[in-house]
Structure formats: structure tokens, C-alpha cells
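Letters go in sequence order (proteins before strands), and every chain restarts at 1.
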Amino acid sequence: MSILARWSKVLSKFKVYPPGKKCFWGEVGNAIVAPQKNTAGSAQLKELRYMSELRVRFAPSPTGYLHVGGARTALFNWLLAKNRGGTFILRIEDTDVERSTKESVEAILEGMKWLGMDWDEGPFYQSDSFPLYKEYVQKLLDAGKAYKCYCTTDELDAKRALAMEEGRKPKYDGTCRERSGQCDEQPYVVRFRAPQGGVTAFDDLIKGTITFPNEELDDLIIQRTDGTPTYNFCVVIDDASMRITIVIRGDDHVNNTPRQIQLYEALGFPVPQFAHVPMILGADKARLSKRHGATSVIAYRDMGFLPEALNNYLVRLGWSNGDDEIFSREEMISKFDISNVGRSPSVFNTEKLLWLNAHYIKNGDTQRLAGLLLPHLSRRGVTTLGGPDLMAVVKTLQERAQTLEEMAERAVFYYNAPVSYDEAALAKFDKELLQAVCTAVTEKLSSAPLGDIAAIDALFKEVCAENGWKMGQVGQPTRIALSGGTQAPGIGEIVLTLGVEETLRRIQKMKEHLAAK
RNA sequence: GUCCCCUUCGUCUAGCCUGGCCCAGGACACCGCCCUUUCACGGCGGCGACACCGGUUCAAAUCCGGUAGGGGACGCCA
């Protein structure tokens, strides 16, 4: 008996599938084994150990951008992989050739990268595996676990409609299930011969045990008329061949799970564990969609959100670690676990996201923020060339902006001197006072060298003391002169950032404006 | 219609498995006060929930049953 023959005998004691090349493996206890030739050229059992090694995947379909729901699912997968030293795989589910686009793939990858979710394997494309799927379809056909169905779409639609009308479950009635005649010239689909009677159950890592009566499941189509495989079939083949151990996905897939399990069993594949993450809802508690505002991850980037803020927000949507709210990337990784993922859907709340974003802006690295701010400034036609140091500008705005967009908006005045003033705010002061303040401030600033913020503030206090003014009478007019409005950083901050020369120029401009009135 | 799932402050949630420490804790938002030259930051305080009904128990947010509401799925989409 040859070594290989001996091994196949050994393996035959376990579940070995398929009896061909690609997925030649078996289960031994909690481990997965596969025959492999060693350096000496003889076969040996290699333990793949994939039951203990965590392998997860994110499998979006490229029919649009990466939305926040998908991003959260990806994040949970990614975090679990990082937490357990597992492998995170990215797989593009593009079996629907009609709706899948290259642009969508790009958009998804862009979103993933922006959020900092790197993948260990992939991206794999299902469209690359069509021959593999075909092979397995044929296997099921040969084993009598699948059959050809010649029912037309119109017939099916009619039956479905009728069933619905009569209050029955609109499932396939099994017309072709026991059909014997061969008529391959006619178009056909391939259906899975699902077990009848009994139940299919699984222990969901998030929702607990979920049981479906097989009665509810019909013979699903695994191959279309045009010969392409369908989603439920592909996922099973892919997840099995990629040796996925935990399938974490949106809970809109719960209903697909029992049929997939039946497929795993029919194919002889080990069944992975499942974790179904509840949906993200809009403010009206309906499934999050475009009409709720932005759902694209990239849209959040463009609105001036930081990736760490969105990640932090997303991880807290459905998952918790006691009362903790702020998580650094490392903390997320070390603390994340699916057992702390909630079972109920959650509403996406932009207010809280804004709060987190403000937090990360406030505590973020100034230099990095300055870099990130650039595109938002140029979108406003602002050039930083020749103006104050952007780092200094950002520093004055960090605790005043919730988004980079807002920061850019508030930064404009530093680079573009005001061309008009908030007249309503100006009207609160007498013209004479305004002019006197301008003169006094100009004198004070030009007589002393610029120190730090505290020193400048002290100068203003001196102006007040010397003239018997209150701070509000001096600070506010100066602020208007420098920024054009009333909402701006502290006077000291502005003056220091703008520089004395520019400050005096702007005050002079204000004086001229007043004189012309 | 059928099946599956879900239900703690407006929102995100802790607590639920292992009943008493919970007349339910934290966070966002909101309101008020303080700080303050504006806007913010920050500090302090307030408002505010166990969907409902019944059962088990000395004791229930926690266990059991039912009801209601919400969501999802039912495709030759994924």
C-alpha cells in the first residue's frame, strides 16, 4: 500500500473533503489536518490548527462605498483578529457581475485604509474563483445533493405571489426536486436539495442559540441560469477554503445562516462559528440609509472627522467596556471581545461622534492636524503661504473646533484679513471709545516686544488700567478689528499668531473704517 | 402573511448569565451655575429609563410565561 493510500485511509476515518486536491483535509479532535509531503518527499499529516487559530474576514459587496455599518463590522473583525493574534482577511463579494463596480472596490479600500484597518490576506475576489464554485456545484450534483431546476422566473414569481396572498411562506415548492427527465437544452438553475424536517440551529456568539425549523427553508438556488454561482453558495465555499473560524457579519444574514450550515454539512466542511452584529439605525429607528444623511465613511472624512474619532464612535456602537468611552487604538484592541457586543440595534448619533471628534482634535498632535487641515483650507481658497504659521493657528483652534471643517472655517481670518466687520457687535461701543482703544492698543503693542500669550494679555490689562477701561471694552473691539467678528480665539493668542506687524495693520484698517463712517 | 431577532434615560450604554450592594451607574445631548475679553475648553449641579401584564421568590431590571411595539429575512441581490 502506498503512503498516500495509507494516508487517505487514515483520513477516511475523519471527514475528508473533497476527495480531490485543493481542500484535502480532515478533522482530528479540535484540530484540522491535511496530508503534506515533507522534505524527504513522503506524505505526513500536517496540523493546520485552524480551530484554535482565529481567522476572520470582512466581505463587502462592491456595489457602493464603504458605509458606517460595514465599517463597524469590519472593525469588529479587525479588532478581534488583532486581539487574538488572528488573521484578518478582506474578500470582495462580486458574484453579482451586474452591480459590482471597480469604483466601489476602490472606494471600499480607500475607506478601510483611512480607518487604518489593514488586512493580512487579500483582497480576494469571488469572481476569481468561479471555476472552484462550479466544481463544487458539480460535486453536489453528482452526489444527488443538488438538482437542476427548469422552472422559469415567471412561474416562480407567480407561485410566490400566490403563496404570499394565501398567507403561506413564499418558498420554492419543489417542482423539480424529484424530476427525473433530462433536458439539458433548456435553461436551468441548480438548486440545493435541502433537508426536510428537523431543525437547523447554531449558537450565535452574540445572540445565543438560534433555531430554524427546516420546514422554513427551501431549496435555494446555488447556480444561476447563466452558470454563475449565487451568494449563499460562494460564501460557504470561500469561508471554508479560507478556513474562516468566526464569521462576524451584519445580522441581516441571520436568516441565511441555517441554509449555509446545511451547505457546509452537505459539502462536508467544518462549520465556523457565527457572530451576528445588530444593525445600525437612523434617528427614526429605521435602517440607516442615505436619507439619514451621510453614511459613507469617506464622507465623514471630508466633513472633517478624524479616523480615530469615527473608529472610537463605531466601536462603542454596540460594544462596551464598562463605563469607558474613550479608546485609543491599542486599548480597543486589548479590550475588545465579541462577548461584550450587545444584541440590540443602535441608533447612529452624530452628536456623540462630534463630541469624540472634538476630543481627538483637542488632544491631537498639532502638526498632524495642520497637515489634515490643508485640504479643508484650500477648499476655501485659502493659502497659508505668507501668512502665520499653520501650527500656531491650529494650536489656537484645537479646543474650539469639533471638526476640521469648522477649524478651517475659523482659521480663514488668519490668512485673509477681514474685509468687513460685524457691525452689530461694533455698535455696542461708542465710536470715540473704539478709536481711542485702537490708538492705545497700537501704542502699547508697538512699544513693547512680543513675548508669550500671557505677556500680551498683560499688555492689554495695562491698557485697561491706564485708561480706566474694562477688559470687554478693549478686548472685544480689538478682536473685531483682527478677526472681523466676535467668535475667535483669545486676544493674546491671535496677536501672537498674527504677529505684531499684521496686528497693527489690521487695527489701522479698523481705524480707517471707523473714520469713514 | 410566515419565520427569525430585539426591547434599561431623547441617544450610546453599565447592570441581567451567577436575583438583594440598583427607589438603576456612566457618556452624548439639553437646562442651570461657576470660570471668562468673545467663542470655546474646563468645573459643579439638574432633568431623564428597567415596554406592558402575570407568575416564581422573603426579594426581580435581573428567572419563567404571555402581550404589545420595533427590526430583519422570505431574490436566478449580497
Side-chain angles (χ1 to χ4, degrees), chain A residues 59-63 93-96 98-100 126 149 151-153 156-157 160 163-171 187-191 204 207-208 210-213 215-218 220-226 228-232 234-235 249-258 276 278-279 281 283 285-287 313 316-326 340 342-356 358 362 397-402 410 422 425 457 460-461 464 470-480 483 485-492:
Chain A
S61 65
T63 51
E93 312 231 307
D94 57 351
T95 48
D96 186 350
E98 300 271 301
R99 299 198 304 160
S100 301
Q126 288 192 319
C149 169
C151 297
T152 66
T153 309
L156 260 20
D157 287 348
R160 221 175 345 251
M164 283 281 226
E165 208 171 293
E166 292 177 357
R168 286 181 290 115
K169 179 100 179 167
K171 55 180 241 179
Y188 64 88
V189 299
V190 176
R191 279 183 190 275
D204 193 276
K207 299 190 179 254
I210 300 178
T211 308
F212 288 84
E215 182 65 27
E216 292 299 322
L217 280 12
D218 61 358
L220 85 157
I221 292 171
I222 58 178
Q223 186 179 87
R224 304 184 181 94
T225 312
D226 64 5
T228 57
T230 58
Y231 167 75
N232 278 297
C234 298
V235 235
R249 62 202 343 177
D251 80 358
D252 47 336
H253 287 285
V254 167
N255 297 272
N256 290 327
T257 308
H276 287 100
M279 316 234 76
L281 275 23
K285 304 228 172 184
R287 187 185 190 139
Y313 179 71
R316 278 287 290 111
L317 210 53
W319 174 80
S320 61
N321 184 258
D323 288 336
D324 297 349
E325 294 288 352
I326 308 285
N340 292 322
R343 288 157 302 188
S344 49
S346 29
V347 174
F348 192 91
N349 181 223
T350 313
E351 297 293 327
K352 189 159 182 178
L353 171 59
L354 276 168
W355 170 71
L356 277 164
K362 212 180 308 159
L397 262 15
Q398 276 183 262
E399 49 182 45
R400 286 169 233 267
Q402 287 193 298
R410 285 169 168 264
D422 182 339
D457 284 341
F460 277 84
K461 289 220 170 73
C464 288
K470 289 192 171 144
M471 197 52 176
Q473 293 175 291
V474 179
Q476 197 67 330
T478 310
R479 175 170 296 105
I480 296 169
S483 75
T486 58
Q487 300 187 10
I491 286 296

Output one line per pair: protein atom, nucleotide atom from nucleotides 39-41 of chain B, and distance, for all N/O pairs under 3.5 Å.
unit_1: B:C39; atom_1: O2'; unit_2: A:R410; atom_2: NH2; d: 2.9
unit_1: B:C39; atom_1: O2; unit_2: A:R400; atom_2: NH1; d: 3.1
unit_1: B:C39; atom_1: N3; unit_2: A:R400; atom_2: NH1; d: 2.5
unit_1: B:A40; atom_1: O2'; unit_2: A:E399; atom_2: O; d: 2.4
unit_1: B:C41; atom_1: O3'; unit_2: A:K362; atom_2: NZ; d: 3.2

Just to confirm, is there a sub-4.0 Å distance from OP1 or OP2 of B:A14 to any side-chain nitrogen or oxygen of A:S320? yes
With sequence neighbours excluded, what pairs up with A:F212 under the ring pair (Phe, Tyr, Trp, His ring centres under 6.0 Å) test? none
Judged by atom type as modelled, is there a donor-acceptor pair below 3.5 Å linking the side chain of A:Y313 to the main-chain atoms of A:N349? yes
Should B:C12 be called syn or anti, with syn set as within 90° of 0? anti
Strand partner of B:G75, provided both Watson-Crick or wobble distances fall under 3.5 Å: none
Salt bridge (charged side-chain N to carboxylate O under 4.0 Å, His left out) involving A:R224 - partner list, sequence neighbours excluded: none
Which nucleotide, if any, forms a Watson-Crick or G-U wobble pair with B:C52, using both distances under 3.5 Å? B:G66
Pairing partner of B:C39, by Watson-Crick or G-U wobble and under 3.5 Å for both distances, is none
Which atoms of nucleotides 16-19 of chain B (N or O only) lie under 3.5 Å from a protein N or O atom, and what are those distances?
none

Any protein N or O atoms within reach of nucleotides 76-78 of chain B? Criterion: under 3.5 Å, listing atom names and distances.
unit_1: B:C76; atom_1: O3'; unit_2: A:R224; atom_2: NE; d: 3.4
unit_1: B:C76; atom_1: O2; unit_2: A:T225; atom_2: N; d: 3.0
unit_1: B:C76; atom_1: O2; unit_2: A:T225; atom_2: OG1; d: 2.8
unit_1: B:C76; atom_1: N3; unit_2: A:T225; atom_2: OG1; d: 2.3
unit_1: B:C76; atom_1: N4; unit_2: A:C151; atom_2: O; d: 3.3
unit_1: B:C77; atom_1: OP2; unit_2: A:R224; atom_2: NE; d: 2.3
unit_1: B:C77; atom_1: O3'; unit_2: A:R224; atom_2: NH2; d: 3.2
unit_1: B:C77; atom_1: O2'; unit_2: A:D96; atom_2: OD2; d: 2.8
unit_1: B:C77; atom_1: O2'; unit_2: A:R99; atom_2: NH2; d: 2.9
unit_1: B:C77; atom_1: O2; unit_2: A:R99; atom_2: NH2; d: 3.3
unit_1: B:A78; atom_1: OP1; unit_2: A:T95; atom_2: OG1; d: 2.9
unit_1: B:A78; atom_1: OP1; unit_2: A:D96; atom_2: N; d: 3.3
unit_1: B:A78; atom_1: OP1; unit_2: A:R224; atom_2: NH2; d: 2.3
unit_1: B:A78; atom_1: OP2; unit_2: A:R224; atom_2: NH2; d: 3.0
unit_1: B:A78; atom_1: OP2; unit_2: A:Y231; atom_2: N; d: 3.1
unit_1: B:A78; atom_1: O3'; unit_2: A:E93; atom_2: O; d: 3.1
unit_1: B:A78; atom_1: O2'; unit_2: A:S61; atom_2: OG; d: 3.2
unit_1: B:A78; atom_1: N6; unit_2: A:N256; atom_2: OD1; d: 3.3
unit_1: B:A78; atom_1: N6; unit_2: A:N256; atom_2: ND2; d: 3.2
unit_1: B:A78; atom_1: N1; unit_2: A:N256; atom_2: ND2; d: 3.2

Taking the C1' atom in each of B:C53 and B:A60, what is the distance between them to the nearest angstrom? 15 Å
Could you walk me through whether A:Q223 and A:V189 pass side chain to side chain contact (heavy atoms under 4.5 Å, CB included), step by step? CA-CA 6 Å; A:Q223 186 179 87; A:V189 299; over 6 Å; no
Each nucleotide N or O in nucleotides 21-23 of chain B that has a protein N or O under 3.5 Å away: list the pair and distance.
none

Complementary nucleotide of B:G32, counting Watson-Crick and G-U pairs under 3.5 Å: B:C44
Please measure how far the C1' atom in B:U7 lies from the corresponding atom in B:G15, and state the result in whole Å. 16 Å
Quick one: does A:D94's side chain have a donor or acceptor within less than 3.5 Å of a partner on A:Q126's backbone? yes
Quick one: A:K470 NZ to B:U37 C1', roughly how many Å, whole number? 12 Å
Going by atom types alone, do A:T228 and A:D226 pair a side-chain donor with an acceptor below 3.5 Å? yes
Examine the base of B:G72 for any acceptor or donor lying under 3.5 Å from a partner atom in the side chain of A:D251, and report the outcome as yes or no. no
